[in-house]
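All values reported here derive from a predicted model rather than from experimental measurement.
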Amino acid sequence: MKILQKISNKLFSIIILFMLFNSEVNAQTKPMRVSIKVNLKVDTTKVRLYDKIEIEENENIKTIVLKMRYGSSEILNPKAAKVLEKGGCKVLSVDIVYTDYNNNDVQNTLNKKRLMELYFLSPDIFNQKLVKWKYIEQLGYSTEEVARGLFHGIVIKYVKVPVYKPTSLEEMFGNLKVEKLGDTSLFKLFEKHVKFDEELICADLTGSMSPYYFQVFAWLNLKHNPKKLNYSFFNDGDNTPDYLKKRGRVGGIYLCKTSSVDTMTSLAYNCIVNGNGGDSPENNIESILKGVKEYPETKEIIMLADNWANMRDYSLISRVKIPVKVIVCGTNLYGIKTPVNSEYLDLARRTGGSVHTIEEDILDLAKKKEGDVITVGGVKYQIRGGRFIKR
């Protein structure tokens with residue numbers, strides 16, 4: 001595919017309006033208008049033709065092609081996106097492919113309608129912060145009739161991560177053997193940062209985090225340290241429907257203070273089997289706050305976080321008064337490197353903590369000021385408006 005021109009990122013907002021109706025018996029049915037605003041940072045690329053060779057699947061990256069007609073926002077094959085509902089799907093990119101035969105205002109409106117249709121089909125894509133959004137405008141046509149024959153639609157690339165849920169506590173204990181892990185890359189991080197001195201281990205135990213949290217449990221099993229650790233495990237709501245989740249009150253948090261791996265693993269098992277996370281955002285801060293309230297002697301928080309998931313309760317960071325060391329999982333998935341989620345950089349900076357990946361330690365973030373630039377994993381971030389923004 002020959003690229004003719006690439007335009008800088010633009011911020012697009014789509015406002016989705018729909019009607020909800022009061023269904024109470026003997027009450028007059030009244031419509032209620034609901035508005036959902038989604039901000040997207042979208043690249044625009046102009047090409048001669050969209051090359052379908054580039055959307056073929058390889059061993060790790062899978063592709064969903066949602067087809068549309070020229071000039072229409074209707075998705076002709078919506079069932080193709082069903083796989084995204086099964087969990088463990090990390091979306092890498094979304095391409096909105098079109099031909100700009102009409103004037104810009106008409107095309108911009110149409111593209112927003114297409115995004116609305118995608119939102120109704122799979123809203124969780126819009127919650128995933130690492131997605132690369134792109135408008136791809138085709139120029140390889142001379143008439144409207146030719147334009148109608150070109151490909152139009154949305155192309156989604158994603159990685160499927162195995163979601164493991166143990167069927168019994170005995171099975172879970174059996175998986176704590178190092179020879180069964182395959183990956184022990186987190187061992188060094190926990191060896192370096194867990195001092196058994198009143199830390200709170202706060203861990204995301206939703207489905208796709210299993211390759212990581214099993215490493216943590218196996219490492220603790222090997223240590224046999226007699227000192228107690230505080231634990232706060234979270235699953236984002238114990239299977240509460242996403243639309244009922246309220247920031248700071250989602251639930252699905254499991255607490256204990258123990259030196260026994262048996263007790264810790266039993267608690268973790270209950271957390272895992274009672275919830276699978278649902279949509280992408282997780283209740284990280286709620287888990288921290290409840291853990292610290294239960295164990296006020298906590299000196300430091302070590303958080304095991306999913307790089308692909310935002311914090312549902314990001315706005316509550318200011319309530320965290322103890323340094324948070326964030327161990328970010330999933331920055332190198334099947335050889336696919338992704339930038340560190342800036343929300344975890346913000347959490348560490350605002351609490352006087354740090355961020356850690358397998359490759360590097362990001363320290364002294366609290367010393368960074370407005371306008372400062374840091375480089376993490378080869379990606380530059382600048383503090384703007386008090387937040388790290390990827391450049």
When rounded to the nearest 0.5 angstrom, what is the spacing between CD1 in Ile336 and NZ in Lys157? 10.5 Å
Short side-chain to backbone donor-acceptor contact, Gln138 and Tyr50, under 3.5 Å: yes
Does either side chain, that of Asn274 or that of Tyr254, offer a donor lying less than 3.5 Å from an acceptor on the other one? yes
Looking only at heavy atoms, the pair that brings Pro281 and Asp124 closest together is CD-OD1, 4.1 Å
Asn307 side chain vs Pro339 backbone, donor-acceptor pair below 3.5 Å: yes
Got a salt bridge between Glu297 and Lys228, using NZ or NE/NH1/NH2 to carboxylate O under 4.0 Å? no
Leu200 CG to Glu294 CD distance, which is reported to the nearest 0.5 Å: 10.5 Å
One pair to check against salt bridge (Lys or Arg N to Asp or Glu O under 4.0 Å): Glu199 and Lys299. What are the steps and the verdict? CA-CA 6 Å; Glu199 291 107 336; Lys299 295 179 182 178; over 6 Å; no
Side-chain (Asp204) to main-chain (Leu304) donor-acceptor, under 3.5 angstrom: no
Can you tell me if Lys129 and Ser280 form a side-chain donor-acceptor pair at under 3.5 Å? no
Give a yes or no answer on whether the side chain of Arg312 reaches the backbone of Glu282 with a donor-acceptor pair at less than 3.5 Å. no
Ion pair check, Glu370 and Arg384, cut-off under 4.0 Å: no
Would you call the rings of His193 and His356 parallel, tilted or perpendicular if under 30° counts as parallel and over 60° as perpendicular? tilted
What about Met264 and Ile253, same hydrophobic cluster or not, with Ile/Leu/Val/Met/Phe/Trp/Tyr joined at side-chain heavy-atom distances under 4.5 Å? no
Validate the cation-pi geometry between Arg387 and Tyr314: distance from NZ or CZ to the six-membered ring centre under 6.0 Å, angle to the ring axis within 45°. yes
Quick one: which of Leu66, Leu121, Asp95 gives a side chain to side chain contact (heavy atoms under 4.5 Å, CB included) with Ile154? Leu66
Is a donor from one side chain sitting under 3.5 angstrom from an acceptor on the other, for Ser287 and Ser232? yes
Any donor-acceptor pair under 3.5 Å linking the side chain of Ser72 with the backbone of Arg69? no
Look up atom NZ in Lys390 and atom CG in Asn341, then write down how far apart they are to the nearest 0.5 Å. 10.5 Å
Aromatic centroids of His152 and Tyr98 separated by under 6.0 Å: no
Co-membership, hydrophobic cluster, residues Val194 and Leu176, 4.5 Å side-chain: yes
Would you say the side-chain atoms of Glu343 pair up with the backbone N or O of Met311, donor to acceptor, closer than 3.5 Å? yes
Name the atoms and distances for all side-chain donor-acceptor pairs under 3.5 Å in residues 165-174, with sequence neighbours left out.
from, atom 1, to, atom 2, distance (Å)
Thr167, OG1, Glu171, OE1, 2.3
Ser168, OG, Glu171, N, 3.1
Glu171, OE1, Thr167, N, 3.0
Glu171, OE2, Tyr164, OH, 2.4

Looking at Thr263, is its backbone amide N or carbonyl O close enough to the side chain of Ser260 to form a donor-acceptor pair, meaning the two atoms are under 3.5 Å apart? yes
Ile317, Ile302: one ILVMFWY side-chain cluster at the under-4.5 Å cut-off? no
Please confirm whether the ring centroid of Tyr212 lies under 6.0 Å from the ring centroid of Phe214. no
Just by modelled atom types, is the Ser208 backbone N or O under 3.5 Å from a matching donor or acceptor in the Asp306 side chain? no
So does Lys290 pair up with Glu286, basic N to acidic O under 4.0 Å? yes
Quick check for you: to the nearest 0.5 Å, what is the distance between Leu84 atom CG and Ile156 atom CD1? 5.5 Å
Assess whether a salt bridge exists between Lys369 and Asp372, defined as any Lys/Arg side-chain N lying under 4.0 Å from an Asp/Glu carboxylate O. no
Test of ring centre spacing under 6.0 Å for Phe126 and Trp133: yes
Between the main-chain N or O of Ala268 and the side-chain N or O of Tyr213, is there a donor-acceptor pair closer than 3.5 Å? no
Please report the C-alpha distance between Asn77 and Lys67 in whole Å, then the side-chain angles of each, then the deciding distance to 0.1 Å, and finally whether the side chain to side chain donor-acceptor pair (under 3.5 Å) criterion is met. CA-CA 6 Å; Asn77 58 329; Lys67 300 176 182 178; over 6 Å; no
Salt bridge or not for Arg349 and Asp364, using N-O below 4.0 Å? no
So, does Gln215 use its side chain to make a donor-acceptor pair with the main chain of Ser185 at under 3.5 Å? yes
Set out, in order, the CA-CA distance, both residues' side-chain angles and the distance that settles salt bridge (Lys or Arg N to Asp or Glu O under 4.0 Å) for Glu191 and Lys223, then state yes or no. CA-CA 9 Å; Glu191 185 70 34; Lys223 292 298 291 184; 3.2 Å; yes
Met209 and Val161: same hydrophobic cluster, using ILVMFWY side-chain contacts below 4.5 Å? yes
Counting C-beta onward and ignoring hydrogens, is there a side-chain heavy-atom pair between Thr45 and Glu137 closer than 4.5 Å? no
Could you tell me if Thr206 and Asn235 have a donor-acceptor pair between their side chains, going purely by distance under 3.5 Å? no
So CG of Leu229 and NZ of Lys257: to nearest 0.5 Å the spacing works out to 8.0 Å
Between Tyr158 and Thr63, the two heavy atoms sitting closest are CE2-N, 4.1 Å
Determine whether Val373 and Tyr381 satisfy the following criterion, side chain to side chain contact (heavy atoms under 4.5 Å, CB included), listing intermediate values before the conclusion. CA-CA 6 Å; Val373 177; Tyr381 300 81; over 6 Å; no
Nearest 0.5 Å, please: how far is CZ in Arg114 from OG in Ser73? 7.5 Å
Tyr344, Ile288: one ILVMFWY side-chain cluster at the under-4.5 Å cut-off? yes
